[in-house]
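Input: a single structure, listed below in structure tokens.
Positions are given from 1, in the same order as the sequence printed here. Both ligands and their constituent atoms are indexed starting at 1 by order of listing.
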Amino acid sequence: MQVATGRLMSSPSLKGRDCVAVLDFSRRELEGIFEAADGMWRYVKSGTDLLKNKVLCTLFFEPSTRTRLSFETAMLRLGGSVIGFADPSVSRTVTGETLADTIRMADYYSNVIVLRHRIEGSARLAAEVAEAPVINAGDGSQHHPTQTLTDLYTIRKEFGKIDGLRVAILGDLRQARSASSLAYGLSLYKDIQLYLVSPPALRLRPEVTDHIKSSGLKAIEASDVIQIISELDVLYVTRLQKERFSDPSEYERLKGSYIVTPQMLEIARKQMIIMHHLPRIEEIPIEIDNTSHARYFQQAANGVPVRMALLSLLVS
Ligand code: NCD
């Protein structure tokens, strides 16, 4: 009994749960996922049979490189199989099949569903339709929980903690779902100083700032990263979300409005890390890759053990 309780304390059962938004989990549950991810490194290259005979269905209605490939890798390394599509034009959705019907089928064919969709709320709808766990691989501009799990895990791995850190999120805070999702995730931690750095037109949306305020997370808005870079432990950079602008001239106007330069890094703390959900366009020039601050490729690599942990906790 004691042993069982002890296990539960460190790794709460998430079996059958959905992962639609990062706030679907408590801080303790996130810690359980991170501990499980630490344990997955030993299988990242060699594999295990933890999810043998289980099937993951990936439904990507929007483009993806890292998220889809890391989910597929994670499932294959866990001994399971993967079905699905990376391009909706090869699916029956082009003939007008509803998302709910597509999800019903995926539910019959698999044990866990990963969905990426342009429309906010799609993953919540899918979770209501499916019996199997549904994992949101990004819907609309607000939620991308597995990116946030990867981001928080990366920060925890670098600093040994998340509480008390000074974190800036830079760029397209209004439309990059990784940005809102990270702000939601950080609201579960203590004594974080958050800086929200963006051109005025790209500020975080009111529903996210309202949540931040009500959670007690200290956040300061700034328009230029140079004002605060010397304070930071983490500089999290986002991509200008070209495809989400309804007015292309607005994209052209904002293009290049925030770029991290090697000169800026001269006043940064030695231990400050630069993160990015990737893909980057021009906001982090390649010269930055060789600095001691760059962590975005490591961050992407961390996505595999984190997704292995999540899949194994939801499915096995
Ligand atoms: C992002 C996404 O689709 O939200 N990619 C990712 O998952 N790492 C970010 C982006 O496309 O800018």
Side-chain angles (χ1 to χ4, degrees), residues 19-22 37 56 58-75 84-88 113-124 126 134-155 169-185 197-199 202 204-205 208 234-245 250-251 254-260 273-285 289 294-308 310-311:
C19 171
V20 173
V22 68
L56 164 70
T58 59
L59 305 174
F60 278 75
F61 290 87
E62 277 193 317
S64 171
T65 302
R66 276 149 292 271
T67 305
R68 186 176 61 81
L69 292 181
S70 61
F71 263 116
E72 292 194 6
T73 305
M75 191 59 175
F85 54 78
D87 173 2
I113 300 166
V114 172
L115 172 72
R116 170 169 285 190
H117 205 285
R118 185 178 56 81
I119 299 172
E120 199 155 314
S122 314
R124 192 66 75 192
V134 170
I135 302 176
N136 184 3
D139 66 340
S141 297
Q142 233 186 119
H143 296 293
H144 194 353
T146 63
Q147 180 66 52
T148 303
L149 293 179
T150 303
D151 298 342
L152 294 174
Y153 180 76
T154 302
I155 296 172
I169 314 180
L170 169 67
D172 189 349
L173 311 188
R174 189 163 69 88
Q175 304 176 109
R177 50 196 169 209
S178 310
S180 316
S181 188
L182 179 60
Y184 284 127
V197 190
S198 67
L202 298 176
L204 210 56
R205 290 187 299 168
V208 192
V234 177
L235 173 59
Y236 190 99
V237 188
T238 62
R239 173 179 71 93
L240 192 58
Q241 304 277 299
K242 184 177 184 183
E243 69 281 23
R244 301 193 201 283
F245 280 86
E250 183 67 352
Y251 170 77
L254 292 163
K255 201 166 161 289
S257 57
Y258 57 91
I259 292 179
V260 179
I273 61 166
I274 302 174
M275 298 173 64
H276 192 301
H277 49 77
L278 302 179
R280 64 169 153 182
I281 308 301
E282 56 179 4
E283 55 283 351
I284 302 183
D289 299 1
R295 285 299 180 286
Y296 25 95
F297 296 121
Q298 189 55 51
Q299 178 188 354
N302 291 341
V304 174
V306 167
R307 290 181 171 100
M308 287 174 78
L310 183 68
L311 288 170

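- At distances below 3.5 Å, at least one donor-acceptor pair connects side-chain atoms of R116 with backbone N or O atoms of P63.
- At a heavy-atom distance under 4.0 Å, only side-chain atoms of Q241, from C-beta outward, approach ligand 1.
- Neither the backbone nor the side chain of T238 has a heavy atom within less than 4.0 Å of ligand 1.
- Look at E62 and you'll find every heavy atom at least 4.0 Å from all atoms of ligand 1.
- Rounding to the nearest 0.5 Å gives a distance of 9.0 Å between CG of L310 and OG1 of T150.
- No donor-acceptor contact under 3.5 angstrom links the side chains of H276 and R239, judged on distance only.
- V20 is not listed as a side-chain neighbour of H143, based on a closest heavy-atom distance of 4.5 Å or more.
- Looking at ligand 1, you won't find any N or O of S178 less than 3.5 Å from one of its N or O atoms.
- The ligand atoms of ligand 1 that sit less than 4.0 angstrom from a heavy atom of H144 are 2 (C), 4 (O), 6 (C), 7 (O).
- Each of the following atoms of ligand 1 lies closer than 4.0 Å to a heavy atom of L278: 5 (N), 6 (C), 8 (N), 9 (C).
- When hydrogens are left out, the protein atom nearest atom 9 (C) of ligand 1 is H277 ND1, 3.1 Å; that is the closest non-hydrogen contact.
- Here R174 does not pair with E250 in a salt bridge; the nearest charged N to carboxylate O distance is not below 4.0 Å.
- For ligand 1, the polar-atom distance check against Q147 finds a nitrogen or oxygen pair separated by under 3.5 Å.
- Formation of a donor-acceptor pair under 3.5 Å by the Y258 side chain with backbone atoms of V237 is not found in this model.
- Both the sub-6.0 Å distance and the 45° axial angle are satisfied by R307 relative to the ring of F71.
- Here R239 has side-chain heavy atoms under 4.0 Å from ligand 1, and that is the only part of it that gets that close.
- A donor-acceptor pair is defined here as one N or O able to donate and one able to accept, closer than 3.5 Å; such a pair exists between the side chain of E120 and the backbone of S141.
- The N/O atoms of P279, backbone and side chain alike, include none that comes under 3.5 Å of an N/O atom in ligand 1.
- The N/O atoms of R177, backbone and side chain alike, include one that comes under 3.5 Å of an N/O atom in ligand 1.
- Some N or O of T67 is nearer than 3.5 Å to an N or O of ligand 1, by distance alone.
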